[in-house]
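What follows is a set of notes on a single structure, which appears directly below.
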Protein chains: 2
Amino acid sequence: MSETFPSKAAEHARPTMIDVARRAGVGLGTVSRVVNGGHGVRDETAQRVRAAIDELGFQRNEVARALRPGKKSTSLALVLGDLTNPFYASIAKASLEVAGQSGYAVVLGSVDEDPEGEKRAIQELVSRQVAGLMIVPDQGDHAFLEGAGVPVVFVDRPATGIDADIVMVDNEGGGRIAAEHLLAQGHQRIAILLAPSYYTIGRRLRGFRRAHRAAGVDVDESLVVQLPEGTAEAAEKATREVMLRADAPTAIFASTNFLAEGVLRALGVLRSLGELSQEPAVVGFDDFRLADMLPTPVTVVASDIAELGRSAARLLLDRASGTDTRPPQRIVLPCALIERGSGERPPGSAGNRTAG
Amino acid sequence: MSETFPSKAAEHARPTMIDVARRAGVGLGTVSRVVNGGHGVRDETAQRVRAAIDELGFQRNEVARALRPGKKSTSLALVLGDLTNPFYASIAKASLEVAGQSGYAVVLGSVDEDPEGEKRAIQELVSRQVAGLMIVPDQGDHAFLEGAGVPVVFVDRPATGIDADIVMVDNEGGGRIAAEHLLAQGHQRIAILLAPSYYTIGRRLRGFRRAHRAAGVDVDESLVVQLPEGTAEAAEKATREVMLRADAPTAIFASTNFLAEGVLRALGVLRSLGELSQEPAVVGFDDFRLADMLPTPVTVVASDIAELGRSAARLLLDRASGTDTRPPQRIVLPCALIERGSGERPPGSAGNRTAG
DNA sequence: CTGTTAGCGCATTCAG
DNA sequence: CTGAATGCGCTAACAG
């Protein structure tokens with residue numbers, strides 16, 4: 001006992017349980033017991049320990065705690081693309097809330113655009129011993145997750161190469177609803193803009209086609225526009241091109257929120273140039289802020305994105321705790337149409353292109 | 001290509017360095033050396049070790065690694081309010097990118113609305129041994145962070161009770177620019193809508209006042225509207241009230257992106273009701289998506305939000321690594337006006353007229 | 001009830 | 001150059 005106080009542990013080192021134990025004049029185990037609920041400790045002793053904890057400002061080291069085998073860490077990982085997309089931001093926020101309520105933190109892996117980036121990020125996260133992974137998967141194969149020993153929940157779209165829980169929206173139904181809505185108003189030539197072929201987009205297209213078939217209307221394949229990128233810019237360009245055709249569509253279905261923005265941007269430009277021969281109806285997929293405040297409020301097929309995040313987190317938490325041992329689940333959230341105006345324009349709405 | 005997680009490996013136990021060592025027929029230390037750069041290991045031995053690592057799909061346990069004294073963990077914490085606000089989402093994304101490039105993960109603490117929630121979240125994060133904290137602070141006292149033993153960088157606004165690095169925008173300058181712009185066009189009665197008194201809002205107001213003083217125009221205190229909440233709804237209500245006054249302002253400065261939305265919403269309603277005696281000029285603070293596509297494109301004072309996040313992460317990384325030992329820094333990013341139309345309306349613009 | 005002990009997976013001494 | 005030994009802070013199992 002050369003030193004009463006551990007000299008080095010003065011300012012920059014956080015106190016440990018041993019410090020607390022010494023301070024309270026008890027053993028290490030007792031401190032641990034008090035910290036973890038205090039069962040089986042005499043009240044008086046517990047008081048002393050708690051006092052020492054307070055005085056020292058002790059805080060349990062979660063990292064060391066998680067090192068014990070069996071004891072899973074209390075953090076989940078969330079892997080997604082662009083937080084700047086309100087769609088992903090909603091998922092992040094919602095899952096964060098649910099996780100937080102159960103005392104879990106959420107680690108966000110940095111995800112580059114490249115396909116390998118996601119894999120690297122995921123492995124990074126796994127090496128951090130997270131208790132589970134929520135992944136909005138990119139297109140690559142995710143078989144490498146099979147033996148990861150960590151529960152995985154995919155969000156928004158399934159991944160190939162692995163059978164895991166998946167929480168998503170009814171993309172096909174949404175695509176169908178959008179097309180049905182337009183067809184019901186007499187539109188026969190409906191363009192559909194597709195972001196690079198993610199799973200979701202394929203399903204939306206399928207619903208789109210199905211509605212056409214049910215209505216006995218043929219889909220003009222030249223109006224099924226596959227974009228090189230899922231950006232507003234790409235959609236803007238494509239819209240300009242398609243609307244300048246002699247046989248321009250009377251309606252446009254934009255398969256994502258960003259694409260809808262691009263469509264509207266293009267229409268605005270054409271309109272201002274007096275080159276819009278007719279005003280097409282527009283329906284977007286996924287709601288977005290200010291959609292109702294644009295010159296023509298935008299009709300969209302929407303779903304409860306926050307619920308997507310919440311469900312994913314809840315499911316993952318149950319898997320991580322071992323509470324839920326069912327086979328992989330498949331949760332599908334419904335879509336609904338929100339009519340605002342842009343999607344209710346009848347075919348042949350007057351444009352402003354000067355004759356000739 | 002080797003599988004990272006061999007499917008036949010035990011589901012529940014990830015291989016450890018000891019497994020690798022046994023497999024390669026070497027000692028634990030050797031494996032460690034190979035994993036960490038492989039200096040001072042004979043090439044042949046290193047090969048054997050690497051082979052074993054591949055075969056076993058070994059991945060270093062970051063948690064255990066971080067347990068060693070001195071060795072800080074490789075994760076940063078980010079504490080902020082509402083990821084659903086594009087402003088915060090941008091910060092998150094940008095800081096995430098920078099951190100990721102240095103091999104750091106970012107942990108998001110769940111932050112409730114209540115003031116105590118933030119403190120709890122921060123302590124949670126600290127107990128997880130993060131190497132540093134990025135905090136968009138709430139109003140409470142943050143003195144409790146003094147002895148946390150972790151570097152802290154505040155983002156967007158400083159915190160009271162602690163002197164730490166801070167990265168923010170030039171709020172006062174922004175407020176000044178907005179007011180100057182409106183005053184230059186002859187506006188004399190400019191309303192300013194204020195979200196609950198965060199630091200930033202106070203500075204924006206100060207700049208607003210300063211511009212008035214410089215222009216020799218008195219600020220009508222009844223037009224300085226302190227809102228109970230920072231929501232679009234609150235701004236909408238306040239705008240409705242102020243615009244229905246006999247002495248309605250000829251211009252409105254909305255001090256946040258959400259408030260600008262509320263202002264526009266209110267004006268839209270009043271307009272449609274034929275109750276807008278005159279069309280006020282509107283300037284917002286912080287740019288937002290679709291601002292340029294609204295019926296009247298919105299003029300805003302904007303700054304590089306992503307750079308806010310990047311700077312914060314860079315600074316924190318340098319602090320965490322000990323590279324940067326300067327006294328607390330104060331990084332201030334400039335604001336600039338983006339003229340789009342709503343802010344260029346002269347005083348006395350006729351109301352109740354459909355936008356052309 | 002309470003103190004002591006043995007690791008968790010890894011980096012780092014210290015010997016050889 | 002390499003293997004063995006020592007904790008990091010904590011929990012769980014085992015004595016007293």
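At whole-Å resolution of the value, CG in A:Leu67 and P in D:dG9 are 12 Å apart. Going from atom CE of B:Met17 over to atom P of D:dG7 covers 20 Å, rounded to whole Å. Between the C1' atom of D:dG9 and the CZ atom of B:Arg128 lies a distance of 16 Å, rounded to the nearest Å. Atom CZ in A:Arg14 sits roughly 16 Å away from atom P in D:dC8 (whole-Å rounding).
Annotation: side chain of A:Arg33 is not in contact with side chain of A:Val26 (no heavy-atom distance under 4.5 Å). Contact annotation: the side chain of B:Arg14 approaches that of A:Val150 to within less than 4.5 Å [non-hydrogen atoms, C-beta and beyond]. In this structure, the side chains of A:Arg48 and A:Arg23 stay at 4.5 Å or more apart for every pair of heavy atoms. The closest side-chain heavy-atom distance from B:Ser90 to B:Lys93 is not below 4.5 Å. Side-chain contact check for B:Leu317 versus B:Leu76: some heavy-atom pair is nearer than 4.5 Å.
For the residue pair B:Arg128/A:Thr74, the side-chain donor-acceptor check at 3.5 Å is satisfied.
Residue-level contact check: B:Ser32 touches the bases, meaning some heavy atom is under 4.0 Å from a base atom.
Contacts of residues 50-62 of chain A with DNA chain C (heavy atom under 4.0 Å): none.
Under the 3.5 Å distance criterion, the side-chain polar atoms of B:Gln59 are matched with a main-chain donor or acceptor of A:Gln123. Checked by atom type and distance alone, the side chain of A:Asn85 pairs as donor or acceptor with a backbone atom of A:Phe87 at under 3.5 Å. One N or O on the side chain of A:Arg319 and one on the backbone of A:Arg326 form a donor-acceptor pair closer than 3.5 Å.
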Task: Letter per nucleotide, 5' to 3', of nucleotides 2-7 of chain C [B base touched, S only sugar-phosphate touched, - untouched; heavy atoms, 4.0 Å] - done: BBB--B
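B:Pro151 and B:Leu316 get closest at one heavy-atom pair: O-CD1, 3.6 Å.
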- [ ] Give the C-alpha distance, both sets of side-chain angles, the deciding distance and a yes or no for salt bridge (Lys or Arg N to Asp or Glu O under 4.0 Å) between A:Arg310 and A:Glu307.
- [x] CA-CA 5 Å; A:Arg310 270 182 243 116; A:Glu307 183 56 26; 2.4 Å; yes
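With axes fitted over five pairs at each extremity, the angle between the ends of the helix from C:dC1-D:dG16 to C:dG16-D:dC1 is 50° (10° resolution).
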